[in-house]
Every structure is written in structure tokens, then in C-alpha cells.
Amino acid sequence: MAEGEIAFPSWAEVNLGAIEANVKNVKAFIGDRVELIAVVKANAYGHGAIPVAQVALEAGASRLAVARVREGVKLRQAGINAPILVMSYIPLAEVPLAVQNDLTPTLITLEQAKAFSDEATKAGKTLPVHIKVDTGMGRFGLLPEEVEGFVKGVASLPGLALEGLYTHFSVADETSHDSTLYTLKQFETFMDVAKKLEGAGFHFPLKHACNSAATVRFPQMHLQAVRVGIILYGLRPSEEVEPPFPLVPALSLKSRVARVRTLPPGFPISYGRTYVTSRPTRVALVPVGYGDGYHRLASNRGFVLIRGARAPIVGRICMDQFVVDVSEVDGVAMEDEVVLIGEQGGQRIGAEEVARWAETINYEVVASLTSRLPRVYTKQGKIVGIS
Ligand SMILES: *Cc1c(COP(=O)(O)O)cnc(C)c1O
């Protein structure tokens, strides 16, 4: 891309063409009869919720999922009409906002269900609702034995329509025998609950269980819909899970050299003096910090790409900047492009590598990128939007 067009010291470049390709690949894999729910919580894992949601819906997703009501409201304000499932807790105070915006709640208490029923009735709406079964994640949702009583209560309330029944896997991304058995067990528990509810006359047209890892590994569990996040962004759920289709990483984190100079031997770099030069050292300043969401744990561990070479981070990462040693890289100059995540000159740093330095997972590396960092959206190498 003509990077001269970008006027920022640092930015996240999001290739919408990659998102489109990933969505199409997942859709082809699950087939026409299974709905694709694109998970765009946490600003679409840092990629920019609105453009990602729009592209995902154009490419074959039929629904969206978020974690917070406010995330759903932002999508509605952008003119998105597709069903939006809120997968986490909704405080009673947010119920009116959720109903006004036609968000699909995951109901968890009868008190909350009544509040949704009242709001929907007042608005003259019938609100589709989903119910989550906790089959062994120990987090959100109702225990299997609690579900039937709860569903009876919900079904008796006006203004609500039972639409979805779902569960979530805790170790679908682990391919060991033990973890695989656990996922199979969770699924069996879920299907038992579903069967019991059908027997009692409660019909859920949309049963769903699979996250990205389970979608890839267990086609027999796709049911009527899958909830996929990480693979839409071109990232793997774990090192162990290898999809039978290509994933194109969509996000690059880029910056520009803000200063180059040579420091004498014995010169400490950055807070805490954790790095001291041992010889005349050519250093470049990179204007990215933990205020942009670049993890401080990469201090004295990580690398960036400059002129197609890997330059080590020296000293601590600060809120707005850090220093790299470019003694081994020829000709580094002000405003040279710096790649923190992505490709340059045939070299590549993946979100997975940054995750190792930061002692975390690729999910957190991308989802951590803050709102200060401009998002530059591209398609076929051309800039199509900035937010
Ligand atoms: C985040 C989330 C997903 C998506 O998980 P991926 O591993 O990114 O595919 C699916 N379901 C629930 C309930 C989630 O919270």
C-alpha cells in the first residue's frame, strides 16, 4: 500500500479482504444449512467492530454476537439490521436499551426475563431470546437440571419467543484425548438437555455449541449455527488446532521510526535502567506503547521489523514509545515503516509470537489494542476507510 497516505505515527491495518476470505472459507466448510454467527465482541477482537461486522455479513454470516449491550447498540447505530446476540450478563438497568435496539439477550434469571418481557410488551414487540446451558464451563448459563424449570417460566411470559439454546466449550482448542473426551461429554450433556426440553414441548429453532475450535474439529456438533470469532480474523484458536482451510491474518500493527541515533557504551535505556548499552549502539525510537495496547511484558524480549530485519526491543516499553537496537540493520532512517505484527520484506511476526513474549494468547494480543490506535481498513491493498 502507499503508506505515505497514512498520516499517523502508529496504526493497526485491517485487511477486510482477509476477513472476507476467512468468512467465506468458514461458510463453505459449515455448509448452507448451518448459520454463521460472527463473534464481533471487544471491537471485533480489536479489528474494528463495524467494518468487520459489515464485511462478515456480506460474506456469508447471517448473525452477529457481542458480549455487551453497548457493543450491540453501536452496531445498530451503524445501520446493521442482522440479529445480534448478547452472550453475557445484561444488568436490569440495560434491559430497556437492549429492547429498543432489538438485541437478543441470553436470559439468566427469571427477574431479568420478566424485565425483558415487560419492556417488549410495552414496545409491542416479540423478542427472540436465547438460553445458555452450562455443561461444564462453570461460568455463565444455567446448570442442566435448572434449565427446564427456567424455560417453563420464560415460556409463560408475554413478549418473549424462545429462539436459541446454546452451550460453550472450555477445552475445544485442546486436542489431547482427555480434553477431546471432555468436549464430547459437554456436547452430550447439551443434547440431553435439548431432547428433554423438546419432550416437554419447548422447541428451540437455533441450537448452537461450537466456537472456532469446535467448528473446525467437530462438524457433527455444528447444529443450526456456529459462533465463530478468532478464525474470522485469520488466527488459530490454539497451536494444536489446524483448520482444513487457509486462514489469512487480517491485522497488522505498524508504526514509523520516530528518531535514530547512536548511544555511547554504558548508556541506560528507558525506565528502570533495565538495559544498558555495552558498545556504541544505534537505536531507533518506535512510537507505540502499552497505551496503544502493546504489552509491556515484551520489554527486553520482543522484536520489530525494520527494513525487512528483526530489531530487538531494548529497555522497557513505556505508555507511548519504546526503543529498538538497529545496530545490525543498515540504513535505518526517520519515518521508516516499523512492523510490530505482520509482514515486511518476507519476514513475519505473528500475533502468536507477540503472545509468547507477553505470556498470553493471540486473542489477547489483538483484543488489547486500544482506541487510541487508528484503524486503517484496506481491501486489495487500497485504503477503504479509517476509524
Ligand atoms: C468469544 C466467544 C465465542 C467465540 O470464540 P472463538 O474461540 O473466538 O471462536 C463463542 N461463544 C462464546 C460464548 C464466546 O464468549
Side-chain angles (χ1 to χ4, degrees), residues 18-19 22-23 25-27 29-30 34-47 49 52-53 56 60-69 71-72 75 83-90 103-108 129-142 163-175 179 183 186-187 190 206-219 221-243 245 247 249-251 351-352 355 360-368:
I19 305 266
N22 296 326
V23 171
N25 282 336
V26 173
K27 185 67 192 142
F29 181 71
I30 63 176
V34 179
E35 284 196 58
L36 198 171
I37 305 174
V39 179
V40 294
K41 62 191 178 188
N43 198 25
Y45 296 39
H47 291 64
V52 166
S62 49
R63 295 168 181 265
L64 302 170
V66 294
R68 309 273 185 258
V69 167
E71 294 180 311
L75 296 168
I84 300 174
L85 172 66
V86 180
M87 300 185 294
S88 312
Y89 162 66
I90 300 175
L103 304 180
T104 305
T106 304
L107 298 179
I108 192 79
V129 299
H130 288 218
I131 287 163
K132 188 171 182 185
V133 189
D134 185 347
T135 57
M137 175 83 178
R139 194 178 70 172
F140 198 61
L142 293 121
E163 178 184 65
L165 186 72
Y166 72 104
T167 194
H168 192 46
F169 298 130
S170 60
V171 289
D173 61 325
E174 296 176 10
T175 57
S179 292
T183 304
Q186 277 197 271
F187 186 68
F190 178 65
L206 210 69
K207 289 187 282 295
H208 46 107
C210 291
N211 55 4
S212 291
T215 298
V216 167
R217 294 182 61 212
F218 306 109
M221 300 183 188
H222 288 175
L223 303 173
Q224 285 82 46
V226 295
R227 303 183 308 274
V228 294
I230 200 79
I231 53 178
L232 302 184
Y233 307 103
L235 302 175
R236 277 156 64 162
S238 68
E239 309 257 320
E240 298 165 51
V241 176
E242 193 149 4
F245 47 83
L247 295 179
L251 183 138
E352 294 71 23
T360 182
I361 53 175
N362 53 4
Y363 288 72
E364 193 186 3
V365 168
V366 288
S368 296

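All values below come from the heavy atoms of this structure, side chains included, with hydrogens, waters and symmetry mates left out. Quick caveat, the model's predicted, so the values are computed rather than measured. Whatever order the structure lists them in is the order used to number ligands and atoms, beginning at 1.
Ranking protein heavy atoms by distance to atom 11 (N) of ligand 1, first place goes to Arg227 NE, 2.8 Å. Scanning all protein heavy atoms for the shortest distance to atom 1 (C) of ligand 1 gives Lys41 NZ, 1.4 Å. For atom 9 (O) of ligand 1, the closest non-hydrogen atom of the protein is Ser212 OG, 2.5 Å. For atom 7 (O) of ligand 1, the nearest non-hydrogen atom of the protein is Tyr363 OH, 2.6 Å. The nearest heavy-atom contact from the protein to atom 4 (C) of ligand 1 is Tyr45 OH, 3.4 Å.
Taking NZ of Lys41 as the start and CD of Glu71 as the end, the distance is 9.0 Å to the nearest 0.5 Å. The distance from the CZ atom of Phe140 to the CD1 atom of Ile108 is 4.0 Å, given to the nearest 0.5 Å. Here CZ of Arg227 is found 8.0 Å from CG of Leu85. Values are rounded to the nearest 0.5 Å.
Each of the following atoms of ligand 1 lies closer than 4.0 Å to a heavy atom of Ile230: 6 (P), 8 (O), 9 (O). Near Met87, meaning under 4.0 Å from any of its heavy atoms, are these atoms of ligand 1: 2 (C), 11 (N), 12 (C), 13 (C), 14 (C), 15 (O). Every atom of ligand 1 is numbered from 1 in the order shown, and the set under 4.0 Å from a heavy atom of Lys132 is 13 (C).
Taking any N or O of Gly229, backbone or side chain, at least one lies under 3.5 Å from an N or O belonging to ligand 1.
For Tyr89 and Thr106, the side-chain atoms include no donor-acceptor pair closer than 3.5 Å.
Heavy atoms of His168 found under 4.0 angstrom from ligand 1 belong exclusively to the side chain. Residue contacts with ligand 1 for Met137 are absent, since no atom lies close enough (heavy atoms, distance under 4.0 Å). With a heavy-atom cut-off of 4.0 Å, Arg139 touches ligand 1 through its side chain alone.
In this structure, His130 has its ring center under 6.0 Å from that of His208.
Contact of the Val34 side chain with the Gln224 side chain is not registered, since no non-hydrogen atoms from C-beta on lie closer than 4.5 Å. Taking 4.5 Å as the limit, every side-chain heavy atom of Tyr166 sits out of range of all side-chain heavy atoms of Ile131.
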Verdict with supporting geometry, Glu35 and Arg63, salt bridge (Lys or Arg N to Asp or Glu O under 4.0 Å):
CA-CA 8 Å; Glu35 284 196 58; Arg63 295 168 181 265; 2.9 Å; yes
